[in-house]
Protein chains: 2
Amino acid sequence: MTTISARQNPSPPPAEAAAPGGLDSLAPVSRPTVQDVVYAQLRGSLIQGAIDAGQTLKIRDLAGRLSVSTMPVREALARLVSEGALEALPNRTVRVRPLTRARLDDLERARRLIEGELLAFALPRIAADAAALDRLARLTQAYDELAPPALDASAETADLNHAFHFAIYGAAGSEVLLPIVEALWVQSGPVVRLAAALFPKAEQARATEHHHAIIRAIRAGDAAAARAALGADIGRAFALVRASLPEDA
Amino acid sequence: MTTISARQNPSPPPAEAAAPGGLDSLAPVSRPTVQDVVYAQLRGSLIQGAIDAGQTLKIRDLAGRLSVSTMPVREALARLVSEGALEALPNRTVRVRPLTRARLDDLERARRLIEGELLAFALPRIAADAAALDRLARLTQAYDELAPPALDASAETADLNHAFHFAIYGAAGSEVLLPIVEALWVQSGPVVRLAAALFPKAEQARATEHHHAIIRAIRAGDAAAARAALGADIGRAFALVRASLPEDA
DNA sequence: TTGCGAACTTTGTGATCACAACGTATCGTA
DNA sequence: TACGATACGTTGTGATCACAAAGTTCGCAA
């Protein structure tokens with residue numbers, strides 16, 4: 001797997017690629033730490049459903065794969081557990097939360113509620129912002145062009161879908177709700193993976209259809225229609241997974 | 001401050017207080033770790049608003065106060081940061097999130113939305129459960145009896161208020177939304193502290209009035225009225241803090 | 001053959017050490 | 001006197017070691 005260059009590695013210093021011309025990026029954010037990279041890596045894998053539900057994660061194993069010490073890994077795992085993406089068993093081991101019927105319903109309800117609220121709040125702001133509307137249109141177009149050939153559980157479709165939704169949610173400007181929705185998406189990782197694997201290829205087009213409907217509703221300033229389209233988009237994946245749940249609960 | 005007995009302390013083993021009669025508690029949960037205790041301690045302090053907004057927390061300082069090593073403290077702090085209770089500055093230091101006008105509005109909106117949903121979902125379940133109704137009634141009664149003499153920011157009133165609300169929310173049975181609301185309450189810690197300090201003592205009675213209204217609405221099966229009463233209960237503290245916000249934003 | 005127990009392995013948790021980055025204070029110089 | 005640079009202290013982060021508890025496997029006895 002990918003190797004993360006640790007800070008205190010015996011390897012020579014990476015020389016930091018000093019900005020050739022200007023004042024670097026002058027962004028106030030400091031250089032990301034190793035644990036941030038580990039966290040982002042695991043989070044990305046979870047959000048794409050790259051790790052099977054129910055699988056247990058071992059600190060030393062992950063540390064070995066990523067060529068870091070156990071320290072950043074355990075902190076990253078702790079963060080993911082507290083976000084609900086992973087589950088801490090009484091054995092002190094952590095695993096990807098398994099999908100049950102009750103959890104599926106619960107997740108869908110939470111996402112419809114909160115994402116619907118963010119959409120309704122963002123709607124007038126986006127409608128009044130030509131640049132934001134343009135960005136959304138370009139994202140759906142990219143999604144359209146990508147969908148037919150590579151409609152399966154590819155990382156690109158997942159990323160474009162994520163980008164589209166969060167371009168909307170971010171416009172709501174809620175520092176409180178946005179990270180909550182991000183956490184819900186991480187928890188929904190196994191759902192989107194299953195849904196993508198289950199969908200007959202012809203049906204996949206419906207996803208972008210919902211996106212188009214959302215954009216139309218935003219342009220029309222119709223909050224109810226936008227919320228309905230978003231609900232259909234969310235419910236699509238959940239309905240399919242729910243129908244083919246192999247488990248009992 | 002309180003001292004937490006660490007697992008590997010040079011002190012003699014605590015002998016574990018073996019259950020005298022039966023099979024221990026036979027609960028499947030393992031003994032809480034040191035970091036859990038540290039986390040619970042900090043979380044409780046935050047939820048009661050015992051730590052001022054904007055104050056920075058230092059790992060070694062807290063470790064010294066609690067008589068533990070830095071290890072459990074940094075993990076507990078990381079958990080609280082990922083829950084949004086604390087804020088990680090680019091300096092790598094963490095502090096209690098300061099209250100701004102925008103954040104206040106944001107928090108209130110999120111709480112009204114999610115707690116209202118949980119209440120609406122729990123309402124028919126509670127109405128059909130005599131024991132649950134009784135528990136709520138007893139909690140409000142305890143709150144009533146406590147309110148007049150010790151209405152200030154005492155830990156007891158905060159705990160009883162917390163118990164009342166989460167007795168309702170827990171009945172909704174949402175494993176996804178419940179931890180989210182818990183996180184929102186931790187984030188609201190400075191608000192309730194400020195509100196309790198600001199309220200004229202005579203006005204404090206209104207809090208229990210909202211609780212009574214919620215119970216009446218539950219008994220009547222009136223979801224709209226229940227949601228309105230809950231919204232009034234939540235909005236009460238926020239309105240007062242908002243009116244006396246010393247900050248600019 | 002099956003059930004139970006002991007020894008080993010695995011794995012998470014806590015402690016301690018080392019290091020880098022940031023902030024501050026103090027001293028020197030213009 | 002004021003400005004700046006350097007040195008020191010503080011603090012977070014990562015690595016490594018030590019330990020306890022849970023899980024696993026192997027062997028022995030009924």
Side-chain angles (χ1 to χ4, degrees), chain A residues 3-16 18 24 27-42 55-82 86-95, chain B residues 3-16 18 24 27-42 55-82 86-95:
Chain A
T3 283
I4 301 171
S5 71
R7 188 160 54 121
Q8 301 181 8
N9 254 3
S11 58
E16 187 46 31
D24 225 327
V29 297
S30 52
R31 179 161 53 259
T33 65
V34 178
Q35 82 166 266
D36 288 331
V37 180
V38 173
Y39 168 79
Q41 188 111 4
L42 289 175
Q55 183 174 348
T56 71
L57 301 177
K58 295 166 198 90
I59 293 181
R60 285 178 174 84
D61 175 46
L62 289 173
R65 285 183 200 273
L66 299 171
S67 300
V68 299
S69 93
T70 61
M71 208 61 214
V73 176
R74 59 201 267 193
E75 306 217 353
L77 287 183
R79 282 172 71 179
L80 289 166
V81 167
S82 82
L86 299 176
E87 185 183 23
L89 276 62
N91 316 348
R92 308 264 174 240
T93 65
V94 300
R95 67 170 178 180
Chain B
T3 283
I4 302 170
S5 72
R7 187 159 54 119
Q8 301 179 8
N9 254 2
S11 57
E16 187 45 33
D24 225 324
V29 295
S30 52
R31 180 162 52 259
T33 64
V34 178
Q35 81 166 266
D36 287 331
V37 180
V38 173
Y39 168 78
Q41 188 110 4
L42 289 175
Q55 182 173 349
T56 70
L57 302 177
K58 293 165 199 93
I59 293 181
R60 284 177 175 85
D61 175 46
L62 289 172
R65 284 182 201 274
L66 299 170
S67 300
V68 298
S69 91
T70 61
M71 208 63 210
V73 176
R74 58 201 267 194
E75 307 217 352
L77 286 183
R79 282 171 72 178
L80 290 167
V81 167
S82 83
L86 300 176
E87 184 184 25
L89 276 63
N91 316 347
R92 307 268 173 233
T93 65
V94 301
R95 66 169 179 181

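Predicted model, so just to flag it, every value in this text is computed and none were measured. Chain naming here is simple, since letters A, B, ... match the order of the sequence lines and numbering starts at 1 in each.
- Regarding B:E87, its CD atom lies at a distance of 15 Å from the P atom of D:dG12, rounded to whole Å.
- Side-chain contact, A:S82 with B:S82: a donor N or O sits under 3.5 Å from an acceptor N or O.
- Interface remark: the B:R74 side chain does form a donor-acceptor pair with the D:dG14 base, using a distance-only criterion of under 3.5 Å.
- Counting non-hydrogen atoms under 4.0 angstrom, A:L62 reaches nothing in the nucleic acid.
- Side-chain contact between B:Q41 and B:R65 is absent, with no heavy-atom pair separated by less than 4.5 Å.
- Remark: A:S69 engages no residue in a side chain to side chain donor-acceptor pair (under 3.5 Å) (not counting sequence neighbours).
- In this structure, CG on B:L42 lies 6.5 Å from CG on B:L66, to the nearest 0.5 angstrom.
- Here the P atom of nucleotide D:dG12 and the CG atom of B:L86 are 12 Å apart, to the nearest Å.
- The CG-C1' distance, from A:L57 to C:dG12, rounds to 13 Å in whole Å.
- Among the protein residues, A:Q35 comes within range of the sugar-phosphate backbone only, with heavy atoms under 4.0 Å from sugar or phosphate atoms but none that close to a base.
- Among the heavy atoms of the strands, none lies under 4.0 Å from B:L77.
- Rounded to whole Å, atom C1' of D:dG9 lies 16 Å from atom CG of B:D61.
- Of the two residues contacting DNA chain D, namely B:R60 and B:M71, the nearest-nucleotide position lying further toward the 5' end is that of B:R60.
- Regarding A:L89, its CG atom lies at a distance of 16 Å from the C1' atom of C:dT13, rounded to whole Å.
- You'll find that the side chain of B:S69 is closest to C:dT16, out of C:dT11, C:dT16, D:dG12.
- In this structure, CZ of A:R95 is placed 14 Å from P of C:dG12, rounded to the nearest angstrom.
- Rounded to whole Å, atom C1' of D:dG12 lies 13 Å from atom NZ of B:K58.
- Distances from the side chain of A:T93 to the nucleotides C:dA18, C:dG12, C:dA15 place C:dG12 closest.
- Note that CG of A:D36 is 10.0 Å distant from CD of A:E75, once rounded to the nearest 0.5 Å.
- Rounded to 10°, the angle separating the first-five-pair axis and the last-five-pair axis of the helix from C:dT1-D:dA30 to C:dA30-D:dT1 equals 0°.
- Considering only the side chain of B:I59, D:dT13 comes nearest among D:dT13, C:dG14, C:dT11.
- For the pair A:L62 and A:L77, the minimum side-chain heavy-atom distance is below 4.5 Å.
- Here the closest non-hydrogen pair linking A:A88 and A:V94 is CA-CG1, 4.3 Å.
- For B:V34, counting side-chain heavy atoms from C-beta on, the closest listed nucleotide (C:dG14, C:dT11, C:dT16) is C:dG14.
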